[in-house]
*Asks:* 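Got a structure for you, questions after.
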Amino acid sequence: MAIPKDSFNERLKILLIAAFVVGAVIALRLIDIQVVHYQNYQQLAERNRTQILYQTAPRGRVLTADGIAIASNSPSFSLYYLGMAKPDEEFLNKLVADIAPYVNLAPQTLRTRLETSGRTGKAVALAENLSTKSTVALQELQQYYPGIYLLEESKRHYPYHTLASHLLGYIGSMDERQWRKRDVTAGYRLNSKIGKNGIERKFEEELRGKDGGVYLEVDYRGRVKRIIQDKKWAAGNDIYLTLNFPLQQAAEEALKNSKTGRGAAVALDPKTGAVLALASAPAYDPNLFVPYSDQESSNPSKRINEYNLAIQGIYPPASTFKIITAAAALEETDLDIKRKITCTGKYDSGPRVFKCWGTHGPVDFFDGMSNSCDVYFYAIAASMGPAPVERMERKFMIGRPTGIDLPGEKAGNLYGPTRRARNKTYWFVGDTLNLSIGQGELLVTPIKLAQFAAALASRGNVYRPYYVDKIVNQQTGKTQKIGQTEVLQQADLKPETYDLLYKALKHTVDDGTARRVKIKGLDVYAKTGTAQNPHGADHGWFMAFAGKEGEAPSIALAVFVEFGEGGSSAAGPIARTMLETYFGLNTPVPAEAN
């Protein structure tokens with residue numbers, strides 16, 4: 001039966017249209033592959049024969065003012081596996097058995113990673129930060145097993161271990177949450193190491209370098225045929241601190257060997273506010289956070305104390321505060337510095353009797369300061385009242401943070417009648433007496449007391465402490481100045497007030513409770529303090545500023561020993577060690593870094 005011509009033409013037309021559509025689809029697909037997404041498909045094709053192994057760049061070093069690196073880098077190796085599409089079962093079994101002892105992975109976990117590489121065609125990291133012992137063994141195995149590859153990288157290293165640990169901080173692996181927060185163009189990978197605390201965290205962008213990578217050509221079995229490209233990494237920027245290495249080391253060693261091994265020491269340059277030393281004890285070793293992966297290690301966070309007592313510990317300043325009381329009396333009353341007040345070991349305020357730590361007999365202004373006689377300061381405070389003392393506190397910024405650029409700094413607490421009045425509560429005579437000797441609700445940090453010592457040394461400049469001097473680009477040598485002298489407040493006192501305070505503090509060193517820091521060739525001005533502690537042993541304070549004989553002070557410091565009982569006995573030896581070290585009278589030989 002013949003097909004009608006019209007019907008045949010209609011079918012032919014449909015067939016031609018279908019052929020045209022199919023041809024158009026094929027053409028569009030070819031255009032998509034060859035033009036629109038050419039780069040993508042080219043990269044996919046390249047991946048069939050190349051693998052990229054990223055190399056972690058060395059972080060920038062952290063150096064002291066005298067050029068000693070306290071955070072640097074050391075060589076390390078990472079182990080990768082470039083899996084075959086269809087690995088032989090016997091091959092996998094042997095590979096797992098031979099390399100498992102060196103990578104600190106359970107055999108089943110290791111096998112899963114090897115199989116993942118074979119399934120995806122991508123290189124997988126089996127271990128990083130390998131020790132020398134494991135690296136040597138794996139280099140031999142690399143000759144026998146196709147697909148395994150050792151890559152030299154950079155490992156963070158703190159050569160002086162606990163030195164300045166609370167300032168340096170530490171690094172750790174980035175987790176998925178942190179990775180998602182980072183700019184994808186910044187080059188971070190999910191297992192990248194980033195700063196987690198301290199300088200490492202604060203200056204992450206400056207310290208972090210640009211990672212490199214090795215581009216490898218591999219055959220179908222995952223065997224490396226040749227290196228296509230070795231993209232060199234770029235090291236991070238170096239950060240120079242204001243720390244004086246011998247002084248920092250001496251402070252930490254002295255704190256460690258103190259009566260309790262707990263405390264803080266801060267030293268500042270009284271001409272600029274630069275931090276010369278900042279130590280907190282007990283310290284910790286940041287190397288705990290970058291262990292060799294093939295070595296057993298427990299969770300480092302369980303073995304360290306991140307609490308930075310130098311900026312976070314708040315305690316009554318005790319008798320060091322008598323300088324404030326004395327300054328208030330000299331500024332706002334007609335204090336007769338020659339008038340003697342008899343100390344019988346107690347002071348009767350009416351409602352109650354306040355004790356002195358000793359029985360000093362008749363004392364004038366200089367004796368009262370040098371012997372730290374509580375009765376003398378009770379008497380002058382009761383005479384003038386608490387308001388002048390509170391005003392003097394404010395002049396030296398007591399109760400406010402020092403402004404150092406470190407997270408977590410505590411402000412302490414200003415003690416005086418103003419807040420009581422604001423809260424419509426009473427201020428008693430006993431409060432005035434407690435205030436006069438630095439007890440009661442008054443609280444300061446060690447760095448605040450060091451700032452106060454520096455303000456006295458500079459005759460009124462309350463500086464913001466800073467600890468970073470400059471940042472230097474390792475590639476170009478370009479230097480960015482960071483540290484700047486900044487006066488937060490001027491404690492304007494009469495010149496004769498500062499003269500008398502200096503004389504009283506010098507007398508305290510020559511003939512009083514601060515005799516431990518009487519050092520030949522130096523002019524030292526100091527005050528001790530023993531803070532009452534209702535929960536246990538008293539705390540020990542020592543503050544001082546000093547210069548070469550006949551010269552202006554060049555260092556101001558505060559030392560605190562928790563539960564040390566006595567400021568002179570517990571904190572005094574630490575202050576002396578620091579002063580002798582700073583002025584080169586007892587410079588310790590730096591322990592060999594390793």
Side-chain angles (χ1 to χ4, degrees), residues 59-60 62-65 70-71 158 162-172 194-207 237 239-245 247-248 251-252 255 262-270 272-284 286 289 301 304-315 397-413 443-455 462-471 480-489 556-560 562:
R59 289 175 74 83
V62 181
L63 303 99
T64 58
I70 57 176
Y158 304 91
T162 60
L163 188 84
S165 57
H166 287 92
L167 192 59
L168 285 173
Y170 54 86
I171 68 170
I194 60 171
K196 293 293 187 86
N197 200 359
I199 289 171
E200 294 282 20
R201 178 177 178 180
K202 181 170 181 57
F203 293 94
E204 165 66 21
E205 299 304 320
E206 290 81 6
L207 288 169
N237 297 324
I239 293 181
Y240 283 80
L241 306 181
T242 59
L243 297 186
N244 177 295
F245 179 85
L247 182 63
Q248 179 73 29
E252 293 199 16
L255 281 171
R262 301 181 61 86
V266 181
L268 304 176
D269 184 335
T272 63
V275 176
L276 303 175
L278 193 150
S280 178
Y284 64 89
F289 291 89
S301 63
I304 70 166
N305 185 349
E306 292 187 63
Y307 187 72
N308 190 345
L309 197 147
I311 66 169
Q312 295 176 306
I314 50 175
Y315 304 88
M397 297 182 64
I398 303 299
R400 292 169 59 184
T402 65
I404 191 171
D405 192 12
L406 285 173
E409 184 192 6
K410 300 271 183 76
N413 186 57
L443 298 170
V444 298
T445 60
I447 195 170
K448 169 56 69 174
L449 200 62
Q451 184 187 50
F452 173 53
V462 183
Y463 292 107
R464 182 194 301 276
Y466 67 92
Y467 57 92
V468 174
D469 179 37
K470 60 187 177 182
I471 298 176
Q480 179 185 0
K481 183 70 175 176
I482 300 296
Q484 293 183 346
T485 298
E486 181 183 356
V487 178
L488 300 176
Q489 190 162 292
L557 59 84
V559 177
F560 174 80
E562 194 173 35

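None of the values given here were measured: they were computed from a predicted structure.
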*Asks:* Please determine which of Ile482, Leu268, Leu278, Ile404 meets the side-chain contact (heavy atoms from CB on, under 4.5 Å) test together with Tyr467.
*Replies:*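 Checked Ile482, Leu268, Leu278, Ile404 against Tyr467; only one passes side-chain contact (heavy atoms from CB on, under 4.5 Å): Ile404.
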*Asks:* Is there a side-chain contact between Tyr463 and Thr485, using heavy atoms and a 4.5 Å cut-off?
*Replies:*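 Counting from C-beta outward, Tyr463 and Thr485 do come under 4.5 Å.
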*Asks:* Spell out, as yes or no, whether a donor-acceptor pair under 3.5 Å connects the side chain of Thr242 to the backbone of Leu276.
*Replies:*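 Such a contact is absent between Thr242 side chain and Leu276 backbone.
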*Asks:* Are Val468 and Ile239 close enough that some pair of their side-chain heavy atoms sits under 4.5 Å apart?
*Replies:*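 The answer is yes, as the side chains (C-beta and beyond) meet within the 4.5 Å cut-off.
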*Asks:* Without swapping roles, check the side chain of Gln451 against the backbone of Ile447 for a donor-acceptor pair under 3.5 Å.
*Replies:*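 No.
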*Asks:* Output yes when a side-chain donor or acceptor of His166 lies under 3.5 Å from a complementary backbone atom of Tyr307, and no otherwise.
*Replies:*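 Yes, His166 side chain to Tyr307 backbone: donor-acceptor pair under 3.5 Å.
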*Asks:* When you compare the side chain of Leu167 with that of Leu243, does any pair of heavy atoms fall below 4.5 Å?
*Replies:*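 Yes, at least one pair of side-chain atoms sits under 4.5 Å.
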*Asks:* When rounded to the nearest 0.5 angstrom, what is the spacing between CD1 in Ile314 and CG in Leu443?
*Replies:*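 So the gap between those two atoms works out to 5.0 Å.
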*Asks:* Mind checking whether Gln484 and Arg464 have side chains closer than 4.5 Å, heavy atoms only?
*Replies:*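 Not touching, per the 4.5 Å side-chain cut-off.
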*Asks:* So that I can tick it off, tell me whether Lys448 and Glu409 are bridged by a salt bridge, with the cut-off set at under 4.0 angstrom between side-chain N and carboxylate O.
*Replies:*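 The answer is no: the pair does not qualify as a salt bridge.
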*Asks:* Does the plane of the ring in Tyr284 sit parallel, tilted or perpendicular to the ring in Tyr170? Use 30° and 60° as the thresholds.
*Replies:*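 Perpendicular, since the angle between the ring planes exceeds 60°.
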*Asks:* List the atom of Pro401, the atom of Ala411, and the distance in Å for their closest heavy-atom pair.
*Replies:*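 Smallest heavy-atom distance, with atoms named: CD-CB, 3.7 Å.
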*Asks:* Look only at the side chain of Glu252 and the backbone of Ala164, and say whether a donor-acceptor pair between them is shorter than 3.5 Å.
*Replies:*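 Answer holds: yes.
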*Asks:* Could you please spell out the steps behind the side chain to side chain contact (heavy atoms under 4.5 Å, CB included) verdict for Leu63 and Leu241?
*Replies:* CA-CA 6 Å; Leu63 303 99; Leu241 306 181; over 6 Å; no
*Asks:* Would you name the heavy atoms of Leu557 and Ala453 that are closest together and state the gap between them?
*Replies:*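 In this case the closest contact between Leu557 and Ala453 is O-CB, 4.0 Å.
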*Asks:* Can you see which heavy atom on Pro446 is nearest to which on Ala310, and at what distance?
*Replies:*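 Looks like CD-O, 3.5 Å.
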*Asks:* I need the Ile194 CD1 to Arg59 CZ distance, nearest 0.5 Å.
*Replies:*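 Those atoms lie 8.5 Å apart.
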*Asks:* Would you mind reporting whether Leu449 and Tyr315 have side-chain heavy atoms less than 4.5 Å apart?
*Replies:*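 No, every pair of side-chain atoms sits at 4.5 Å or beyond.
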*Asks:* Quick check: do Glu306 and Lys196 have side-chain heavy atoms less than 4.5 Å from each other?
*Replies:*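 In short, these two side chains do not touch, never coming nearer than 4.5 Å.
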*Asks:* Which heavy-atom pair separates Phe289 from Ile171 by the least distance, and what is that distance?
*Replies:*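 The pair with the smallest heavy-atom distance is CB-O, 3.3 Å.
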*Asks:* Might you work through the side chain to side chain contact (heavy atoms under 4.5 Å, CB included) test for Phe560 and Thr445, ending with a clear yes or no?
*Replies:* CA-CA 9 Å; Phe560 174 80; Thr445 60; over 6 Å; no
*Asks:* What pairs with Arg262 under salt bridge (charged side-chain N to carboxylate O under 4.0 Å, His left out), at least two apart in sequence or on another chain?
*Replies:*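 Salt bridge (charged side-chain N to carboxylate O under 4.0 Å, His left out) list for Arg262, sorted by chain: Glu562.
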*Asks:* In the structure I gave you, are the side-chain heavy atoms of Phe203 and Val62 within less than 4.5 Å of one another anywhere?
*Replies:*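 No; the side chains remain at least 4.5 Å from each other.
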*Asks:* Minimum heavy-atom separation for Ala265 and Ala251, please, with both atom names.
*Replies:*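 For Ala265 versus Ala251, the nearest heavy atoms are CB-CB, 4.2 Å.
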*Asks:* Do Tyr158 and Glu200 come within less than 4.5 Å of each other through their side chains, counting heavy atoms only?
*Replies:*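 Yes - at least one pair of side-chain heavy atoms lies under 4.5 Å apart.
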*Asks:* Any side-chain to backbone donor/acceptor pair from Ser280 onto Leu309? Under 3.5 Å, distance only.
*Replies:*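 Yes; at least one donor-acceptor contact below 3.5 Å.
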*Asks:* Ile311 pairs by side-chain contact (heavy atoms from CB on, under 4.5 Å) with which of Leu406, Val266, Thr402?
*Replies:*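 The single option meeting the side-chain contact (heavy atoms from CB on, under 4.5 Å) with Ile311 is Leu406.
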